[in-house]
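A, B, ... follow the sequence lines: proteins, then strands. Residue 1 opens every chain.
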Protein chains: 2
Amino acid sequence: MTQKGITLKDVAAAAKVSRATAARALNSYGYVGDETALRVLEAAERLGYRANLVAQALRSGQLPIVGFVPGDIQNPFFARIAHDIEVELRKHRHNLLIASSEENVEQEKELLESLRSLSIRGFILAPTSATDNQHIVQLAHEGAPVVLIDRVVKELQCDSVVVDNEGGAREAVDYLVSNGHDRIGLLRDDSRIFTAQERLAGYQNSLQSHGIALDESLIGVARSTVEHAVDATIRLFSRRNRPTALFTVDSLMTQGALLGLRSMGLSIPHDVSLVGFDDFNLATFTDPQITVVAQPISEIGPLAARFLLERLAGKKIAPRHIRFPTRLIVRGSVAQLHGR
Amino acid sequence: MTQKGITLKDVAAAAKVSRATAARALNSYGYVGDETALRVLEAAERLGYRANLVAQALRSGQLPIVGFVPGDIQNPFFARIAHDIEVELRKHRHNLLIASSEENVEQEKELLESLRSLSIRGFILAPTSATDNQHIVQLAHEGAPVVLIDRVVKELQCDSVVVDNEGGAREAVDYLVSNGHDRIGLLRDDSRIFTAQERLAGYQNSLQSHGIALDESLIGVARSTVEHAVDATIRLFSRRNRPTALFTVDSLMTQGALLGLRSMGLSIPHDVSLVGFDDFNLATFTDPQITVVAQPISEIGPLAARFLLERLAGKKIAPRHIRFPTRLIVRGSVAQLHGR
DNA sequence: TACGGATGTGAGATCGATCTCACATCGCGA
DNA sequence: TCGCGATGTGAGATCGATCTCACATCCGTA
């Protein structure tokens, strides 16, 4: 443990000035004589001085660190966003601390608790719960700016960047209906409750607007993992009078459905038509390629980061709520249904 | 910005003791009267006191943060490892700061530079370069423990957790040879130089041990992205006398090869046999499923984290170098070649 | 010439937690 | 009863950077 530790004091001594003067020279504020400043800078350079951010943080109360709490960093959706956020923050000399909630409210609470004592400057969150959010409200009230992504917290007024889940789901189901389907299954998620509910609403609204009665038995619920989705798919398609089409609410569920249907020997789109929410690279590798509702994923992270940085810079304006539209990408997984 | 800021001083005042005594009670060291201690704890509880980690860090010189510098957090390989590391660190109340080098040495240098001034306790790195690593050596000499994953730095003696790239590649090519192939293409990577070289060596060694002459024209080089791999694949298979089999050095290249071959109308395994390095979920969704050399990815992160935590706890033993074996997972992408 | 503003610089306080040291007080054995 | 060790507590220093304030100069102008 050979701690280097070139401190301001060392630089000041080397330049034969006081710490105060050295600080002024290095941070260029206040009055400093040209020659003195030069001597300080030269000394700092020579010694390899690097300011201790922790000490700065103690005074200012803030570390140049932003916390990101995604549902799951392994989910490519969040991994992409994390990457984009990091790139944006780096431009402003901030670091990103990622702490995954694993879609578990209790863990989310613990994480925020521990991040709070770190004097973190701001947070970008994808809240796990749709209801149990008192801890987030409290966090925001303590002064650290918060930007929500993917899901919002009703009780909290702050910047948010989400996607039109309801509209996207509606568009997907509309598309299936327009291809002659009226027994349309839904594979939904029980954890990312907020987005799941919105997508469910889209499903229901589409059916209703086409005068198709809602049949609860066509709705499968599973945790958002490929394995659980496989089981749920098999359950859904094992009953008599099975759906002719399926809408899945996220990419992991879509993958599960793909595997589940294959294991049952049902072919896409001949036996079952499929539309998934969220595009994923796998979607173009299957045969046929999968029709999906794509989210503008490349825009979410940068925008959220920019919002947060603006707040950190002191911008005081009303909270902004951005809701990106989705886009239906038609590929080959939906068949036109003729008669019955 | 309503800074809460319940400090030790507040607690001490509320309990009518000095800061020193309050600290003793809260951290249970030194002598404290039972009754006094109780009063302090009660006051802390009541006020919702939370120790300021930054202040602690200023004294101790270390934040409970570990830095992770992967090649690319969007690569599922690193995302998985990041997740595993985080889980392990969390058990020991440490946070994970992720800073992706994007496989760029210069960026890696900058990142480490900025992380250094953060008083980060230790680092888990996947070095980008095979040669330009002076900055990493220097980092390690400054005292912060470093654990390398996926790739090692020859000049530096420290814990490392890697995979038997050479052996894995050899096994893959051996398998292709045993299926009658002798014109075996290689799609390799020019950025993750260390692993790429080892895998190239495995390819060469396998061919040599089977008495097959190395044909440079069968080796395609591309950056490790799906898009670049597509191009390289098309180039490789456009020439006369094209390979009958292809070995790809990572999962992104494998995906690119898949797309490239499909766009050329070449079917797997009928026209071309394929083996990829690194398993990926997509590999089982294609038809046929892809034969791959799998890495024990679930073991890398936890082990690296454990190594680092041991170093942080002061363990002083010789550096450990773990090299995990790989495993060939035979699926359906390789055909037995009959005659020519 | 003298005075006020502009210019430079340093001493010391501050952020919050922790640690050392000095100073009490108590009890028990000599 | 004295003394010494065990026990309990507080004052102040410390970590490193920064900021306030006070104190020097210097210059130009009244």
*Roughly how far, to the nearest 0.5 Å, is CD of Gln134(A) from OG of Ser129(A)?*
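Between atom OG of Ser129(A) and atom CD of Gln134(A) there are 11.5 Å.
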
*So how far is it from Glu45(B) CD to Leu26(B) CG, rounded to the nearest 0.5 Å?*
11.0 Å

*Asn27(A) side chain: which of dA6(C), dT9(D), dT18(D) is closest?*
dT18(D)

Can you check the [X] [atom1] to [N] [atom2] distance for me, whole Å?
| X | N | atom1 | atom2 | result |
| --- | --- | --- | --- | --- |
| Arg24(A) | dT20(D) | CZ | P | 11 Å |
| Tyr29(B) | dT7(D) | OH | C1' | 15 Å |
| Tyr31(A) | dC21(D) | OH | P | 16 Å |
| Asp10(A) | dG16(D) | CG | C1' | 10 Å |
| Glu35(B) | dT25(C) | CD | C1' | 16 Å |
| Leu58(B) | dA17(D) | CG | P | 9 Å |

*asked:* Within the 4.0 Å heavy-atom criterion, would you say Val54(A) contacts the bases, only the backbone, or no part of the nucleic acid?
replied: nothing

*asked:* Taking any heavy-atom pair under 4.0 Å as a contact, classify Ala51(A): base, sugar-phosphate, or nothing.
replied: sugar-phosphate

*For dG16(D), does OP1 or OP2 lie under 4.0 Å from any side-chain N or O of Gln56(A)?*
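Result: no.
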
*Are OP1 or OP2 of dG10(D) and a side-chain N or O of Thr21(B) less than 4.0 angstrom apart?*
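Checking dG10(D) against Thr21(B), a side-chain N or O does come within under 4.0 Å of OP1 or OP2.
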
*asked:* Strictly below 4.0 Å, N to O, side chains only: are Glu310(B) and Arg320(B) in salt-bridge contact?
replied: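 Counted as a salt bridge, because a side-chain N and a carboxylate O are separated by less than 4.0 Å.
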
_5′-ward residue of the pair Arg59(B)/Val32(B) relative to DNA chain D_ = Val32(B)

*Quick one: does Arg19(A) reach the base of dT18(D) with a side-chain donor-acceptor pair under 3.5 Å?*
yes

_Using the salt bridge (charged side-chain N to carboxylate O under 4.0 Å, His left out) criterion, which residues pair with Lys154(B)? Sequence neighbours excluded._
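Checked Lys154(B) against salt bridge (charged side-chain N to carboxylate O under 4.0 Å, His left out); zero matches.
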
